Amino acid sequence: MKLFYSHENPFFVGNARNLLENAGIEVMTKNEFSSSGSGELAPMDTWPELWVVNEKDYTAAQAIIDEIKSPSDKPPWFCSNCGEENDASFEFCWQCQTERRVL
């Protein structure tokens, strides 16, 4: 087992967990409920942690998280329905809510 990700916001850790589990990577969350220890412990020590169970999956997990961390490196896409330009991170057109079609 190997520590993969930690953040002060549990929603970020939960989102990363969902992405990895959907990709078939087994993960474990630690420190989910330790925020009440803040003050007695260093704040960073109470952050939720995401651990990859099988170390051989670590590289694949990193690739998945890197994909969502840097969508600004990708070009925008244009909606096939209304022609609106959308940021690369959007899965649906912000103007008409049409799902992005990948060619």
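Bear in mind the structure is a predicted one, so any value in this text is a computation, not a measurement.
Using a 4.5 Å cut-off between side-chain heavy atoms of Ile, Leu, Val, Met, Phe, Trp and Tyr, Phe11 forms no hydrophobic cluster with any other residue.
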Compile the donor-acceptor pairs under 3.5 Å between side chains in residues 12-27 and protein atoms, sequence neighbours left out, one pair per line.
unit_1	atom_1	unit_2	atom_2	d
Arg17	NE	Glu21	OE2	2.9
Arg17	NH1	Thr29	OG1	2.4
Arg17	NH2	Glu21	OE2	3.2
Asn18	ND2	Gly14	O	3.4
Asn22	ND2	Asn18	O	3.2

Using a 3.5 Å cut-off and no angle test, enumerate the donor-acceptor pairs between side-chain atoms of residues 90-98 and protein atoms at least two apart in sequence or in another chain.
unit_1	atom_1	unit_2	atom_2	d
Trp94	NE1	Glu85	O	3.4
Gln97	NE2	Trp94	O	3.2
Thr98	OG1	Asn81	ND2	3.4

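Applying the salt bridge (Lys or Arg N to Asp or Glu O under 4.0 Å) test to residues at least two apart or on different chains, none of the pairs has a partner in residues 52-62.
Residues Gln62 and Phe4 are in side-chain contact: their nearest non-hydrogen atoms beyond the backbone lie under 4.5 Å apart.
Note that the CG atom of Leu50 and the OG atom of Ser6 stand 9.5 Å from one another [nearest 0.5 Å]. Atoms CZ and CG, on Phe78 and Asn86 in that order, are 9.0 Å from each other to the nearest 0.5 Å.
Within the 3.5 Å criterion, the main-chain N or O of Ala88 finds a donor-acceptor partner in the side chain of Arg100. Panel note: side chain Trp77, backbone Asp87; a donor-acceptor pair is recorded below 3.5 Å.
Both tests do not hold together for Lys2 against Trp51: distance to the six-membered ring centre under 6.0 Å, angle to the ring axis within 45°.
Residues Met1 and Leu3 are members of one and the same hydrophobic cluster, defined by side-chain heavy-atom contacts under 4.5 angstrom among Ile, Leu, Val, Met, Phe, Trp and Tyr.
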